[in-house]
Protein chains: 2
Amino acid sequence: MSVAVIKYYDRSMARWEPNSRGRLEQAALALYGERGFENTTVAEIATRAGLTERSFFRHFADKREVLFWGVGALQEFLVSTVAGAPGSAAPFTAVTDALEAAGAMFQDRREYARQRQSVIAASAELRERELVKLASLASALADALRRRGVKDPAATLSAEAGITVFKVAFERWVNETSRRDLPQLIRQSADELKAVTAGKTRVSHARSGTY
Amino acid sequence: MSVAVIKYYDRSMARWEPNSRGRLEQAALALYGERGFENTTVAEIATRAGLTERSFFRHFADKREVLFWGVGALQEFLVSTVAGAPGSAAPFTAVTDALEAAGAMFQDRREYARQRQSVIAASAELRERELVKLASLASALADALRRRGVKDPAATLSAEAGITVFKVAFERWVNETSRRDLPQLIRQSADELKAVTAGKTRVSHARSGTY
DNA sequence: ACAGCGATGTCAGTCGCTGTCATCAAGTAC
DNA sequence: GTACTTGATGACAGCGACTGACATCGCTGT
């Protein structure tokens with residue numbers, strides 16, 4: 001067993017540096033931020049991480065995925081939260097409640113999120129991938145709702161509307177210097193969507209001070 | 001003037017066959033349908049159209065755009081329709097009304113739409129591009145609303161919700177053998193979204209027979 | 001000791017996409 | 001009607017994303 005302890009400290013015994021995936025991720029985010037996504041080659045990322053281009057593609061499906069693979073965990077959380085919602089909950093409520101709970105998990109990563117979002121915002125290709133991930137989230141949420149007995153189109157519409165709420169809230173959270181945290185912004189955006197679709201607003205004659 | 005008439009029939013006077021763009025479009029749709037988007041090279045499309053790969057990229061920005069460049073016209077129509085809506089119209093209503101009007105323009109292209117959608121559905125890359133185009137539509141609609149004096153987040157939410165409605169309705173129109181036309185389906189989906197976000201539904205205990 | 005595993009490297013190749021220059025019919029100027 | 005310009009195309013070279021095939025070699029289990 002003492003061998004294991006030594007091994008932990010003596011990297012010369014290992015054939016390669018550990019955490020190559022993490023090194024690739026760090027190198028990619030840094031380079032995308034420095035010179036832009038389009039002006040960064042995969043070979044450069046790999047070299048900075050002390051690896052080869054070929055190894056990059058063993059860890060990530062493509063050049064963009066390095067910024068998006070983490071979304072999978074979020075999706076799993078949302079799906080299981082919706083699945084565990086009280087049976088009496090309305091579909092849209094189940095979705096927004098799950099989003100609120102998930103929003104709490106971002107609390108301590110606001111700076112990382114900011115950096116990542118600024119990189120994404122600067123590249124059309126990365127924005128494209130973000131849309132795909134959000135659509136995948138919506139689709140997974142709709143499935144979760146259907147498993148609860150919600151029929152279409154209510155399932156699809158609730159899920160899509162929920163994702164719209166999340167997008168709006170997340171963007172505010174990242175860009176504004178607001179003191180409100182993400183869960184609060186999610187609840188607020190959900191309420192605003194309800195008001196909008198209720199069709200109670202007239203142009204330039206908002207009933208409340210919300211907008 | 002008679003020269004012009006002769007020229008119209010005597011293609012030997014022209015250096016190249018006319019309508020190269022249309023030929024490329026036709027060849028691409030056919031090949032994507034036959035062997036799939038990923039298994040079709042641009043060189044093959046160009047050859048079938050009697051052109052070179054280089055010319056393909058002079059007509060279309062990339063391999064996918066050949067199926068999506070037409071969306072631009074739809075976007076312009078929606079924007080100008082929203083801009084011309086009665087000043088008293090609520091934002092979400094202005095959007096859904098515009099969508100309904102646009103839906104009428106698809107009437108005679110249902111078969112083409114079906115073929116195109118089946119090709120898109122079969123390829124992750126094409127679905128990706130479709131999402132981008134829809135997001136662009138939403139963004140343009142939100143801008144149009146803001147120009148009418150609608151503030152955010154109402155503008156963004158109304159536009160996004162409108163696009164969600166369009167997606168759902170279009171998918172039904174293309175996939176179902178329903179006799180309902182696209183404008184009808186758009187109105188119906190909009191009503192369903194309103195019901196869902198109103199939060200009046202309970203799982204498996206819908207108040208109306210809508211779902 | 002030995003066999004197999006697994007993360008990595010090496011190398012060659014395909015394909016999307018771009019820059020650059022040449023070509024040549026049609027239109028335009030004079 | 002000659003010369004100049006324009007516009008759509010071809011030809012070619014090249015970059016970078018991505019893949020398949022095979023080699024390497026510490027580590028692990030027996």
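Chain naming here is simple, since letters A, B, ... match the order of the sequence lines and numbering starts at 1 in each.
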Whole-Å distance, B:Asn19 CG to D:dT9 C1', equals 15 Å

Rounded to whole Å, CD of B:Glu125 lies from C1' of C:dG16 at a distance of 10 Å

Picking from D:dA17, C:dC17, D:dG26, the nucleotide nearest the side-chain atoms of A:Phe57 would be D:dA17

The ring pair (Phe, Tyr, Trp, His ring centres under 6.0 Å) partner of A:Phe106 among A:Tyr112, A:Phe170, A:Phe77 is A:Phe170

Check this one for me: any side-chain N or O of A:Ser20 less than 4.0 Å away from OP1 or OP2 of C:dT8? yes

A:Phe60 atom CZ is separated from C:dT8 atom P, nearest whole Å, by 11 Å

Under a 3.5 Å limit on both distances, the Watson-Crick or wobble mate of D:dC15 is C:dG16

Establish, from distance only, whether the side-chain atoms of A:Arg64 and A:Ser123 form a donor-acceptor pair under 3.5 Å. no

Any N/O donor-acceptor pair, B:Arg54 side-chain to C:dG19 base, under 3.5 Å
yes

Out of C:dG16, D:dG7, C:dT8, minimum distance to the side chain of B:Trp16 belongs to D:dG7

Crowding at CZ, A:Arg21 (>12 non-hydrogen neighbours, <6.0 Å): yes

- Item | Lys/Arg N to Asp/Glu carboxylate O, B:Asp181 vs B:Arg187, below 4.0 Å | no

From CG of A:Leu126 across to P of D:dA17 the rounded distance in Å is 13 Å

Between A:Arg172 and A:Glu192, does at least one N-O distance fall below 4.0 Å, as a salt bridge requires?
yes

Between NZ of B:Lys63 and P of D:dC18 the distance, given in whole Å, is 13 Å

Ranking D:dG20, D:dA17, D:dG10 by distance to the side chain of B:Ser55, first place goes to D:dG10

Under 3.5 Å, is there a donor-acceptor pair between the A:Arg180 and A:Gln188 side chains?
yes

* Ignoring hydrogens and angles, does a donor from either the side chain of A:Arg15 or the base of C:dT8 sit under 3.5 Å from an acceptor on the other? -> no

- May I ask you to evaluate whether B:His59 reaches the phosphate of D:dA8, defined as a side-chain N or O under 4.0 Å from OP1 or OP2? no

Between CZ of A:Phe56 and P of D:dA17 the distance, given in whole Å, is 9 Å

Answer yes or no: side-chain N or O of B:Arg58 and base N or O of D:dG10 forming a donor-acceptor pair under 3.5 Å.
-> yes

Rounded to whole Å, the CD-P distance (B:Glu53 to C:dT14) equals 14 Å

Sorted by number, residues from residues 33-52 of chain A placing a heavy atom under 4.0 Å from DNA chain D are A:Thr40, A:Thr41, A:Val42

Quick one: does any side-chain atom of B:Arg48 pair with a main-chain N or O of B:Ala27 as donor and acceptor, under 3.5 Å?
no

Whole-Å distance, B:Asp62 CG to C:dT18 P, equals 8 Å

